[in-house]
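Scroll down for the structure; my scribbles are underneath it.
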Amino acid sequence: MRGKCYLLLASLLLLCVAVAASDEEIRIGVLSHRGYIATFADWTPTADYLSATLEDRRFEIVPLAFDQVNEAVESSAVDFILVNTGIYVNLEVQYRVKRIATMKNRRANNAPYNIFGGVIFARRDRSDLQRLEDLRGQRFMAVDETSLGGFQMAWRELKAKGINPYDDFAALTFGGIHDDVVFAVLNKDVDAGTVRTDILERMAADGMVNLDDFRIIGPQVHAEFPFVHSTRLYPEWPFSKVQHTSNALAQRVAIALLQMPADHPAALLGHHAGWTIPLDYEPVHVLFRELNLPPYRFPTKFTFWEAIERYWYGPVIAASVLIFLGTAALWETRLNKRLKMAKLRLELQHDLILNSVADGIYGVD
């Protein structure tokens, strides 16, 4: 009887463990580059797809602002992370995040592309803004300093034209999300802006803007990318596992993503065409080295006059100390000289006194 009770208790315990495992919540942190509402709408279907495919797990979306990504990964608040390519490269170096799949983005013609770029644009009625060089002295808005498609790609092209965004614009501001940058340009709050390549098309498809209201500045042509863009092209967003997530779970998630059909509702609602094997992200490393950005931020070489301009207080303090020491040494030298002259006069007076008195006086030193 007692053995049957133990067996029943063991069965109940195993059942509880199985139920707990089936309810285990897996959190997917997603960069909210178009706002929290758009993030939930685009990526909740993917979480539902993974929950249906991996029946013993339940996935949920955690929208993250640009300044929340590092903290979420460092504190293990998420198990997987979906961020732009530039942020991923930094997470890979700092927190050993590993990509398991690369997104195939769905473009206007429903064709899948796993590369993307940046668009630099202004209002069409700004006929004075035709080339990148024309942006010097203008008010410019980007998405965020850590946004690859929303700033860093454009920065690289501007640098190639001799333009430093931090010094050569009348004002450089960041909108936080791509949509706000587009509306800022449209409403004349700024003269020009930059977003990633598919934002304008998606906003136009949603009836939010009219593409004819904008002018693309410095358009480039790429044989494998038939859409307008102003920058070089880079691999799309990677889906990655954070360090504490098990390899076994990551493998199951990767297989599920790679098996997602291009026309699956989750892919259609997420504006992508499924996933492919992880791509090579070396072009992003090259960009970061060129711009001296983390994780490749090193001290830059500068000239002698730049050193004087940057650290002018050092030479001034050193010169002041030298002048003070020189003055003190000169004063001490003159004082010693005067003391020696005074001593010499006293000795002469002493000798004169001794020579002028009678012989009976005996001098004692």
Side-chain angles (χ1 to χ4, degrees), residues 31 33-34 82-89 99 101-122 124 129-135 140-144 146-163 165 178 181-182 185 192-205 209-239 262 267 270-291 293:
L31 178 64
H33 68 300
R34 292 192 63 195
L82 178 61
V83 292
N84 75 40
T85 307
I87 296 178
Y88 161 74
V89 168
R99 60 189 181 274
T102 294
M103 181 174 63
K104 295 188 293 185
N105 209 345
R106 187 184 301 275
R107 300 295 176 170
N109 60 355
N110 286 327
Y113 291 92
N114 50 29
I115 53 177
F116 75 112
V119 178
I120 303 173
F121 63 100
R124 186 167 294 276
L129 301 179
Q130 301 281 346
R131 307 172 305 157
L132 294 179
E133 292 88 338
D134 298 332
L135 295 174
F140 194 85
M141 179 177 282
V143 179
D144 189 90
T146 63
S147 175
L148 181 65
F151 178 57
Q152 293 166 344
M153 291 184 187
W155 182 3
R156 186 183 188 186
E157 305 305 326
L158 291 167
K159 181 181 179 182
K161 299 297 183 179
I163 299 175
H178 290 72
V181 176
V182 176
V185 174
T194 183
V195 294
R196 60 165 287 155
T197 45
D198 58 345
I199 297 298
L200 290 175
E201 291 85 353
R202 293 186 182 185
M203 294 180 68
V209 297
N210 187 340
L211 290 179
D212 293 334
D213 292 336
F214 301 100
R215 176 194 307 279
I216 308 302
I217 302 175
Q220 296 193 18
V221 177
H222 193 283
E224 299 179 4
F225 196 77
F227 304 101
V228 63
H229 54 286
S230 307
T231 71
R232 279 161 273 199
L233 301 177
Y234 303 85
E236 268 287 0
W237 288 25
F239 194 103
H271 306 288
H272 61 86
W275 303 83
T276 185
I277 59 174
L279 298 184
D280 178 18
Y281 286 78
E282 179 60 23
V284 186
H285 289 268
V286 174
L287 180 147
F288 284 169
R289 291 190 194 100
E290 185 174 325
L291 297 181
L293 292 174

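Each residue takes its place number in the sequence, starting with 1. Given the structure is predicted, the values throughout are model-derived calculations rather than measurements. Atom set for the values below is all heavy atoms of this structure, side chains included, hydrogens, waters and symmetry mates excluded.
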Tell me whether [X] contacts the main-chain N or O of [Y] through its side chain, where contact means a donor paired with an acceptor under 3.5 Å.
| X | Y | value |
| --- | --- | --- |
| E236 | Y113 | no |
| S230 | I217 | yes |
| R99 | Y88 | no |
| T197 | H229 | no |

Closest approach of [X] to [Y] (non-hydrogen atoms, all atoms of both residues):
| X | Y | value |
| --- | --- | --- |
| A204 | L211 | CB-CG, 3.7 Å |
| G274 | A267 | N-CB, 4.0 Å |
| V181 | G193 | CG1-CA, 4.2 Å |
| I163 | E133 | CD1-CA, 3.9 Å |
| A122 | L129 | CB-CD1, 3.8 Å |

Should [X] and [Y] count as side-chain neighbours, where that means a heavy-atom distance under 4.5 Å?
| X | Y | value |
| --- | --- | --- |
| R131 | K161 | no |
| L200 | V228 | no |
| F116 | M153 | yes |
| P238 | Y281 | yes |
| R232 | E157 | yes |

Practice prompt. Go through the structure and list residues passing side chain to side chain contact (heavy atoms under 4.5 Å, CB included) with N84, not counting sequence neighbours.
Written response: L31, F66, I87, S147, L148, W237

Contacts table for residues 282-289: side-chain donor-acceptor under 3.5 angstrom, sequence neighbours left out:
unit_1 : atom_1 : unit_2 : atom_2 : d
E282   : OE2    : R289   : NH1    : 3.1
H285   : ND1    : Y296   : OH     : 2.5

Rounded to the nearest 0.5 Å, how far apart are [atom1] of [X] and [atom2] of [Y]?
| X | Y | atom1 | atom2 | value |
| --- | --- | --- | --- | --- |
| T194 | F121 | OG1 | CZ | 7.0 Å |
| D198 | H271 | CG | NE2 | 9.0 Å |
| R124 | I216 | CZ | CD1 | 8.0 Å |
| T146 | F151 | OG1 | CZ | 10.5 Å |
| R156 | L158 | CZ | CG | 12.5 Å |
| T85 | M103 | OG1 | CE | 8.0 Å |

Item to complete: Please say whether more than 12 non-hydrogen atoms of neighbouring residues, nucleotides or ligands are located less than 6.0 Å from NZ in K159.
Response: yes

Worksheet item: Is it the case that more than 12 heavy atoms not belonging to I277 sit under 6.0 Å from its CD1 atom?
Response: no

Worksheet, complete the sentence: By salt bridge (Lys or Arg N to Asp or Glu O under 4.0 Å), R215 pairs with (sequence neighbours left out) none

